[in-house]
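Notes follow once the structure below has been shown.
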Amino acid sequence: MGDLFSGMAEGHEQLAPGAWLLRGFARDVASTLLADVARVAQVAPFRHLVTPGGYTMSVAMTNCGRIGWTSEARGYRYASSDPGTGRQWPDLPESFADLARRAAEAAGFADFDPDACLINRYVPGARLSLHQDRDENDRTAPIVSVSLGVPAVFQFGGLSRSDKPARYRLEHGDVVVWGGPSRFAYHGVLPVAEGFHPETGNLRINITFRKVF
DNA sequence: CAGTGCCG
DNA sequence: AGAG
């Protein structure tokens, strides 16, 4: 097996045009990120949202930043306050903003300034079926996704749901960035296996940054 | 509107 | 296991 991307920085794997897996990119700040996740969750608790189809999601979610993604019986939407508490979402921690900006830059997207940050918590068995992120108005900004805790298998496909997705094992500190021609790529997470990570126990935490406006 | 889910 |  040869090196398909010789000359590229170690640990940066191209998944598709405009899509990169930055292996271990957030490893050195992972503890700080997790501490900030805990702080956010204290103000905006994780909840299991209900899809418009009436099913309760296996992944628990919360948000920080100016606006947050939510799902309700009536539909998906970005909201400036937490429907669970009525309060505004907590501010985007500095550690989040800095990491998101640097990861986007490393993937070729300059000046990424996310206004939305969705935090997903997976227990063993939790999953996110194949979908597109398409509730954002800014179609030029990338998606930045940070994996923490127990590993998971990430599916990354094409622009059509029928395109067979490739699978990548994402570990603590890995970051995936996709934008440009891959901005609307289908992606998902297979059911998370039982596991243990010293910083999260049996949980997987994912932090996803988007620019809505 | 709803496929970020279920069925098979 | 995973198409539709």
Side-chain angles (χ1 to χ4, degrees), chain A residues 15-16 18-19 21 37 40-41 44-84 89 96 100 114-139 141-170 174-179 182-194 200 202-213:
Chain A
L15 309 187
L21 167 45
V37 167
V40 167
F46 283 100
R47 310 197 282 134
H48 291 272
L49 305 179
V50 176
T51 67
Y55 299 100
T56 300
M57 296 178 71
S58 58
V59 175
M61 300 178 164
T62 187
N63 291 273
C64 58
R66 277 187 42 227
I67 38 191
W69 188 88
T70 65
S71 175
E72 303 170 329
R74 57 179 276 207
Y76 308 139
R77 67 189 179 104
Y78 275 98
S80 56
S81 58
D82 179 353
W89 299 107
F96 285 22
D115 52 20
C117 174
L118 174 64
I119 306 173
N120 294 152
R121 185 184 67 191
Y122 298 72
V123 294
R127 79 205 72 177
L128 211 48
S129 63
L130 207 61
H131 68 279
Q132 294 170 302
D133 290 5
R134 56 177 179 186
D135 300 320
E136 301 76 26
N137 298 305
D138 188 329
R139 322 214 138 192
I143 303 294
V144 173
S145 173
V146 183
S147 293
L148 298 167
V150 305
V153 179
F154 179 64
Q155 297 176 297
F156 192 83
L159 302 181
S160 303
R161 196 172 220 279
S162 55
D163 295 337
K164 182 184 177 177
R167 295 176 172 196
Y168 304 90
R169 178 187 169 89
L170 299 184
D174 289 346
V175 180
V176 183
V177 180
W178 63 98
S182 288
R183 174 60 180 74
F184 296 102
Y186 276 87
H187 58 283
V189 177
L190 296 183
V192 171
E194 299 278 356
T200 65
N202 67 349
L203 301 177
R204 171 176 192 259
I205 300 290
N206 174 261
I207 310 175
T208 301
F209 300 94
R210 293 92 177 257
K211 186 153 176 55
V212 178
F213 296 113

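First the proteins, then the strands, lettered A, B, ... as listed; each starts at 1.
The nearest whole Å value for the distance from the CG atom in A:Leu190 to the P atom in C:dG2 is 8 Å. Rounded to whole Å, the distance from CG on A:Asp135 to C1' on B:dC1 is 11 Å. Taking atom CG of A:Asp163 as the reference point, atom C1' of C:dG4 lies 14 Å away to the nearest angstrom. Residue A:Glu72 contributes atom CD, which lies 13 Å from atom P of B:dC1 at whole-angstrom precision. The interatomic distance linking A:Gln132 (CD) with B:dC1 (P) rounds to 19 Å, in whole Å.
Separation of atoms CG (A:Leu21) and CZ (A:Arg169) is listed at 12.5 Å; rounding is to 0.5 Å. Rounded to the nearest 0.5 angstrom, A:Asn202 CG and A:Glu194 CD are separated by 6.5 Å.
Taking every heavy atom of residues 141-157 of chain A and every atom of DNA chain B, no pair lies under 4.0 Å.
Close to B:dC1, at under 4.0 Å from its OP1 or OP2, lies no side-chain N or O of A:Arg77.
Side-chain contact of A:Glu136 with A:Tyr78: a donor-acceptor pair under 3.5 Å is present, judged by distance alone.
When side chains are defined from C-beta on, A:Leu15 does not count as touching A:Trp178, because their heavy atoms never get closer than 4.5 Å. A 4.5 Å side-chain heavy-atom check between A:His187 and A:Pro165 finds every atom pair outside the cut-off. Looking at A:Tyr168 and A:Val176, their side chains never come closer than 4.5 Å, going by heavy atoms from C-beta outward. Annotation: side chain of A:Phe46 is in contact with side chain of A:Val37 (closest heavy-atom distance under 4.5 Å).
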Check the interface with nucleotides 5-8 of chain B: list each N/O to N/O pair with the protein under 3.5 Å, or write none.
{"unit_1": "B:dG5", "atom_1": "OP2", "unit_2": "A:Ser129", "atom_2": "N", "d": "3.3"}
{"unit_1": "B:dG5", "atom_1": "N7", "unit_2": "A:Ser129", "atom_2": "OG", "d": "2.6"}
{"unit_1": "B:dG5", "atom_1": "O6", "unit_2": "A:Arg161", "atom_2": "NH1", "d": "3.4"}
{"unit_1": "B:dG5", "atom_1": "O6", "unit_2": "A:Arg161", "atom_2": "NH2", "d": "2.8"}

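Take A:Arg167 and apply the salt bridge (charged side-chain N to carboxylate O under 4.0 Å, His left out) test, not counting sequence neighbours, and it matches no residue.
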